[in-house]
Amino acid sequence: MSDRSELAAAVLAGDRAALARAITVIERRASGCRELVGTLHRQGSDVPVVGITGSPGAGKSTIVAELARHHRTNDETIGVIGIDPSSPVSGGAILGDRIRLGSIMRDPGIFYRSMSTGGALGGLAPAVPDVVTAFEAAGMDHVFIETVGAGQSEIDVVGVADTVAIVLQPGTGDDVQLLKAGILEIGDLFVVNKMDRPEADLTVAQLQEAIELNDHDGWTPSIVETTATTGDGIGDLIAAIANHHAQLQTCDRFEHRRRRRYRNDVKRLVRLAFERRLDDTLADEQAGELARRIQRRELDVHSAATTVADDVFPPERETGGHNEGHGSCSH
Ligand SMILES: Nc1nc2c(ncn2[C@@H]2O[C@H](COP(=O)(O)OP(=O)(O)OP(=O)(O)O)[C@@H](O)[C@H]2O)c(=O)[nH]1
Ligand SMILES: [Mg+2]
């Protein structure tokens, strides 16, 4: 048995230290990552994946911590991925979240991992879908992904999560922003947090109106009112998530979401592989030469693109060794 299949077996057996090692392999895209994720996926099973998104400071981390605490009282295990939108240089938000999550970080039934989006383009950290696979293989009862709704990541989380909960806080004009950004459509349920604030009821009313105006594909998203700092409403949120999950189970919607997740992920990986090969094929020198020929009007951009694409696509072509920083696993 190879090292990676031993590691996979240990993850599948519920070994936490092995899970931590596997996630490190996945994040670093280290050698054997592809084999590892493949085994974990084939032998893993479906676990409800909940995306928690919303504006900065709305209380997402506090809510996730409370959800985790609630599930722990039933002895259920939880995997949490916190997406840090900040640049890899600052790392400030990661530290902030660590401090806020406090004691649950030391609970062996809770596995928390924060990841940077690692790029100006935003979106999810590239390793997120594979880490979800690892959590599923490790037999976690629940998986939560926290993303900040400040860019692409709250849209991308839809591609991974079965249920998307959008967290708003009163008195920040969130509702209007949501409508503008088109975020309203992606919510399976909404949480108005900080209900201890005076403007909270107004936010709930505005949100209710906005939801009614929107088409949610036959599903009416519920609004859950929470005060995460006291734990008020967290039980309702758990019930709302379970209710959405149960609804997905009827009429094949769960399978539909899962297929969407896998389809997205395959496309993402193909895109990355293509880009990597493109970088190798179109090294600076060659790109310069092409550009010169186009400039001399010996070639046009469309013909050049077709030639390069044909060059990039041969499936068995060697792609060179630099995997670091790319989204796909190496062999
Ligand atoms: N008054 C009040 N404050 C809250 C509540 N929930 C969270 N907070 C506070 O709001 C601040 C932000 O909470 P977080 O849980 O870190 O919010 P977040 O959405 O994870 O923030 P980012 O990840 O930085 O976007 C903290 O100071 C919390 O203590 C609440 O229900 N009421
Ligand atoms: Mg947070």
Side-chain angles (χ1 to χ4, degrees), residues 49-72 78-105 107 110-118 122-125 128 131 142-157 160-161 163-175 177-178 181 183 186-187 189-204 207 223-238 240-241:
V49 179
V50 179
I52 308 271
T53 191
S55 54
K60 301 177 294 296
S61 298
T62 316
I63 287 171
V64 170
E66 281 306 306
L67 288 171
R69 248 188 279 276
H70 259 67
H71 285 304
R72 288 303 292 147
I78 297 105
V80 181
I81 303 172
I83 309 289
D84 170 28
S86 65
S87 77
V89 182
S90 90
I94 296 179
L95 191 63
D97 272 358
R98 286 244 164 92
I99 290 166
R100 266 172 237 144
L101 287 166
S103 62
I104 70 159
M105 301 283 295
D107 184 329
I110 299 170
F111 201 106
Y112 180 84
R113 199 68 157 212
S114 59
M115 295 181 184
S116 167
T117 53
L124 293 183
V128 168
V131 174
H142 304 274
V143 174
F144 295 105
I145 306 173
E146 178 193 337
T147 65
V148 178
Q152 189 58 37
S153 54
E154 81 277 23
I155 306 284
D156 285 357
V157 79
V160 190
T163 300
V164 175
I166 297 185
V167 183
L168 295 95
Q169 56 182 332
T172 54
D174 262 349
D175 41 336
Q177 282 171 22
L178 279 172
I183 300 304
I186 67 170
L189 56 97
F190 292 85
V191 182
V192 178
N193 187 41
K194 308 194 185 182
M195 283 303 293
D196 53 326
R197 286 202 179 163
E199 319 87 334
D201 290 334
L202 178 64
T203 301
V204 173
L207 180 61
I223 300 176
V224 183
E225 302 175 11
T226 60
T227 303
T229 37
T230 61
D232 275 4
I234 296 297
D236 296 340
L237 179 55
I238 287 180
I241 292 169

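It should be emphasised that the depicted structure is a prediction, and the values quoted were computed from it without experimental measurement. In listed order, ligands and their atoms are each counted from 1.
Here the CZ-CG distance, from R197 to L202, works out to 13.5 Å after rounding to the nearest 0.5 Å. In this structure, the separation between CG on L237 and CD on E225 is 12.0 Å, given to the nearest 0.5 Å.
You'll find the side chain of I110 reaches within 4.5 Å of the side chain of R72, heavy atoms only. When side chains are defined from C-beta on, V164 does not count as touching V50, because their heavy atoms never get closer than 4.5 Å.
Geometrically, ligand 1 and G57 share a nitrogen or oxygen pair separated by less than 3.5 Å. Residue-to-ligand polar distances keep M195 apart from ligand 1: every N/O pair is separated by 3.5 Å or more.
For ligand 1, the atoms lying closer than 4.0 Å to a non-hydrogen atom of T227 are 31 (O). Every atom of ligand 1 with a heavy atom of P56 under 4.0 Å away is listed here by number and element: 25 (O).
Between atom 7 (C) of ligand 1 and the options V192, V167, T62, I63, the minimum heavy-atom separation is to T62. Closest to atom 8 (N) of ligand 1 by heavy atom, among K194, E225, R197, E146, is K194. Heavy-atom proximity to atom 19 (O) of ligand 1, evaluated over Q169, E66, K60, is greatest for K60.
Taking backbone and side chain together, S61 holds an N, O or S atom under 2.8 Å from the Mg ion (ligand 2).
Checking each of D201, I223, V224, I166 against V192 for a side-chain contact (heavy atoms from CB on, under 4.5 Å) leaves exactly one that passes, namely I223.
Of all N/O/S atoms in E146, OE2 sits nearest the Mg ion (ligand 2).
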Exercise answer: donor-acceptor pairs, residues 228-236 side-chain atoms, under 3.5 Å, sequence neighbours excluded:
residue	atom	partner	partner atom	Å
T230	OG1	T227	O	3.1
T230	OG1	D232	N	3.3

**OP:** Given side chain to side chain donor-acceptor pair (under 3.5 Å), test T53 with E146 step by step and report yes or no.
**Re:** CA-CA 6 Å; T53 191; E146 178 193 337; over 6 Å; no
